Amino acid sequence: MAVRVTEVSVRRLAYIRMLYEQGVAQAKQPMPMGASSLLSLHDSVEMFLVLTSDALSAQVDRNTHFMDYWKKIKGVHLSGAHGMRRLNDARNGLKHAGAMPSPEVVEQALADTFAFFDDNVPGVFDVGLWSVDTSYVIPQPLVQKWTRKASERFEAGEGGAALALLQLALREVLADRPGAPYGSTLSKLSRWRPQMEALPRSFGGMFDQRSFNSNVGEATRGVRDLVEVVEGLQEAVHWMALGGNLHHYARFQSLTPSNIAWVGRPGDEEVEGVIANRSEEPTREEFDFCRQFVVTTALRQAEIAAHILRPSWETTCSSPNSDDA
């Protein structure tokens with residue numbers, strides 16, 4: 001008999017799916033980096049076993065080992081014990097004995113874990129893990145909103161709209177960034193953008209007034225090139241500060257539409273007008289990658305925001321990005 005799904009269990013399932021997808025992404029890396037996927041896959045399964053134990057009030061304690069859950073959980077049938085034993089042995093060999101797995105072992109672990117979740121999550125909670133949106137773990141409300149809408153659009157067959165919504169969600173994450181540590185070079189660099197964006201207009205106006213029409217275009221192009229360089233530098237330094245992967249960011253940008261212009265924070269009607277009738281048709285792997293990228297970035301941003309504090313002796317009325325930074 002399936003257990004009723006609560007909001008708490010949905011959030012925990014979202015975290016479990018996030019761990020699983022992290023393991024899938026790690027498995028795509030060349031060895032030995034791909035070996036770490038065994039740790040994430042094992043953690044995701046164990047988290048699900050703990051969740052199931054809680055939901056069914058199973059008698060488990062801190063001394064319960066991984067394979068013991070199949071004996072202690074009553075009321076539902078958990079399949080996949082043989083595959084999970086393989087995963088457990090491979091994980092323990094890596095973590096406790098330093099035995100590096102072969103690519104075939106990692107590939108088998110992926111197949112076993114997918115089969116375990118595909119069969120057991122509906123058996124316990126009457127919902128599939130793949131229908132649980134990982135955006136539940138996003139702490140920023142508006143980012144979570146756009147990411148959940150993206151999932152809904154993708155499942156409805158509107159892949160282009162889904163990618164556009166993920167692009168909007170990522171922009172919201174970056175727009176809300178708290179800035180760099182107070183007083184650092186990065187905090188000063190972060191103030192360049194609005195100033196640099198104003199340069200082409202100011203230069204253009206200056207040269208127009210002096211009738212140097214032949215030089216206006218060249219000067220403006222030069223300044224705009226400089227703006228692009230500075231923005232690229234900002235982007236790279238920001239992703240380094242986030243601990244993100246620039247190659248993952250590049251793939252995200254190649255998959256999602258970058259030619260969408262929003263001013264400020266758009267309302268629902270404005271967003272609907274912009275994302276309508278888009279032609280992109282992403283695969284599930286491409287969409288899952290982009291969604292996971294937004295989730296990971298939002299979590300990293302939230303972690304950094306918790307530590308961006310001004311010195312206690314500074315006045316509270318000043319902004320971390322003010323000119324005296």
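Here, residue 1 is the first one in the sequence, and each next residue gets the next number. Scope of the values below: all heavy atoms of this structure, side chains included, with no hydrogens, waters or symmetry mates. Please read all numbers here as calculations on a predicted model, not as lab measurements.
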**Asked** Do L255 and F287 have side-chain heavy atoms sitting under 4.5 Å apart?
**Response** no
**Request:** Mind checking the CG-CG spacing from L110 to L38? Nearest 0.5 Å is all I need.
**Result:** 8.5 Å
**Message:** Ignoring hydrogens, what is the shortest heavy-atom contact between P257 and A164? Give both atom names and the distance.
**Reply:** CG-CA, 3.7 Å
**Request:** Flag the pair M47 / S44 as yes when at least one side-chain heavy-atom distance between them is below 4.5 Å, and no otherwise.
**Result:** no
**Message:** Can you confirm whether the side chains of Q26 and S37 place a donor and an acceptor under 3.5 Å from each other?
**Reply:** no
**Asked** Minimum heavy-atom separation for A14 to V132, with atom names?
**Response** N-CG1, 3.6 Å
**Request:** Ignoring hydrogens and angles, state whether a donor on the side chain of Q140 or Q301 is under 3.5 Å from an acceptor on the partner side chain.
**Result:** no
**Request:** Report whether M31 and V105 are members of the same hydrophobic cluster (ILVMFWY, side-chain heavy atoms less than 4.5 Å apart, transitive linking).
**Result:** no
**Item:** side-chain contact (heavy atoms from CB on, under 4.5 Å) evaluation trace for F48 with F125
**Value:** CA-CA 11 Å; F48 175 73; F125 293 101; 3.7 Å; yes
Would you be so kind as to tabulate the donor-acceptor pairs closer than 3.5 Å made by side chains of residues 111-123, with sequence neighbours excluded?
| residue | atom | partner | partner atom | Å |
| --- | --- | --- | --- | --- |
| D112 | OD1 | R86 | NH2 | 3.0 |
| D112 | OD1 | Q108 | NE2 | 2.9 |
| D112 | OD2 | R86 | NE | 3.1 |
| D112 | OD2 | R86 | NH2 | 3.0 |
| D112 | OD2 | Q108 | NE2 | 3.4 |
| T113 | OG1 | A109 | O | 2.7 |
| D118 | OD1 | W130 | NE1 | 2.9 |
| D119 | OD2 | S79 | OG | 2.4 |
| N120 | OD1 | S79 | N | 2.9 |
| N120 | OD1 | S79 | OG | 3.4 |
| N120 | ND2 | S79 | O | 3.1 |
| N120 | ND2 | F116 | O | 2.9 |

**Request:** Give a yes/no verdict on a cation-pi contact between R284 and F154, requiring under 6.0 Å between NZ or CZ and the six-membered ring centre and an angle within 45° of the axis.
**Result:** no
**Request:** Please lay out, stage by stage, how T6 and V10 fare under the test side-chain contact (heavy atoms from CB on, under 4.5 Å).
**Result:** CA-CA 6 Å; T6 65; V10 168; over 6 Å; no
**Message:** With rounding to the nearest 0.5 angstrom, report the CZ to CG distance, R91 to L41.
**Reply:** 11.5 Å
**Item:** Nearest-0.5 Å distance, CG of residue L49 to CG of residue D68
**Value:** 10.5 Å
**Asked** Does CD belonging to E107 count more than 12 external heavy atoms closer than 6.0 Å?
**Response** no
**Asked** Is the side chain of E172 donor-acceptor paired with the backbone N or O of V143 at a distance under 3.5 Å, no angle test?
**Response** no
**Item:** Single-linkage hydrophobic cluster M33~Y20, side-chain heavy atoms < 4.5 angstrom
**Value:** no
**Request:** Mind checking the CG-CD spacing from L163 to E281? Nearest 0.5 Å is all I need.
**Result:** 11.0 Å
**Asked** What is the distance from atom CE of M18 to atom CG of L13, rounded to the nearest 0.5 Å?
**Response** 13.0 Å
**Prompt:** Can you check whether D61's main-chain N or O pairs, donor with acceptor, with T64's side chain at less than 3.5 Å?
**Reply:** yes
**Asked** Taking the side chain as C-beta and beyond, is there a heavy-atom pair between L170 and Y249 under 4.5 Å?
**Response** yes
**E280 and R153 ion-paired at < 4.0 Å** = no
**Message:** Tell me whether V124 shares a hydrophobic cluster with V8, the cluster being built from Ile, Leu, Val, Met, Phe, Trp, Tyr side chains joined at under 4.5 Å.
**Reply:** no
**Request:** Tell me, yes or no, whether the heavy-atom count around K72 atom NZ, taken from other residues, nucleotides or ligands under 6.0 Å, exceeds 12.
**Result:** yes
**L165 and T147: CA distance, side-chain angles, deciding distance, side-chain contact (heavy atoms from CB on, under 4.5 Å) verdict** = CA-CA 7 Å; L165 285 164; T147 307; over 6 Å; no
**Request:** Could you tell me whether R291 and D288 have a side-chain N and a carboxylate O separated by less than 4.0 Å?
**Result:** yes
**Request:** Among residues two or more places apart or on two chains, list those pairs meeting ring pair (Phe, Tyr, Trp, His ring centres under 6.0 Å) that have a residue in residues 26-45.
**Result:** H42-F66
**Message:** Tell me the closest heavy-atom pair linking L94 and A35, and the distance in Å.
**Reply:** CD2-O, 3.4 Å
**Prompt:** Given side chains that start at C-beta, do those of F252 and T297 come closer than 4.5 Å, heavy atoms only?
**Reply:** no
**Request:** Taking all heavy atoms of C290 and all of L166, pick out the closest pair and write down the distance.
**Result:** CB-CD1, 3.6 Å
**Message:** Go through it in stages, so that I can follow the logic: the residues are Q167 and Q253, the test is side-chain contact (heavy atoms from CB on, under 4.5 Å), and I'd like the CA-CA distance, side-chain angles, deciding distance and then a yes or no.
**Reply:** CA-CA 8 Å; Q167 176 67 237; Q253 294 292 39; 2.9 Å; yes
**Prompt:** Just wondering, more than 12 heavy atoms not from E7 lying within 6.0 Å of its CD?
**Reply:** no
**Request:** Drop me the distance from K145's NZ to S135's OG, to the nearest 0.5 angstrom.
**Result:** 13.0 Å
**Asked** Do the non-hydrogen side-chain atoms of N88 and M84 ever get within less than 4.5 Å of each other?
**Response** no
**Shortest non-hydrogen contact between R12 and D54, atoms and distance** = NH2-OD2, 3.0 Å
**Item:** Set of side-chain hydrogen bond (donor to acceptor under 3.5 Å, both in side chains) partners for S36, sequence neighbours left out
**Value:** none
**Prompt:** With side chains defined as the heavy atoms from C-beta onward, is the minimum distance between I138 and L299 less than 4.5 Å?
**Reply:** no
**Side-chain ion pair, R17 and E21, N-O less than 4.0 Å** = yes
**Complete:** For R251 and S254 the tightest heavy-atom approach is O-OG, 2.7 Å
**Prompt:** Taking everything shown except H247 itself, do over 12 heavy atoms lie less than 6.0 Å from its NE2?
**Reply:** no
**Asked** Hey, does the side chain of E286 reach the backbone of T283 with a donor-acceptor pair shorter than 3.5 angstrom?
**Response** yes
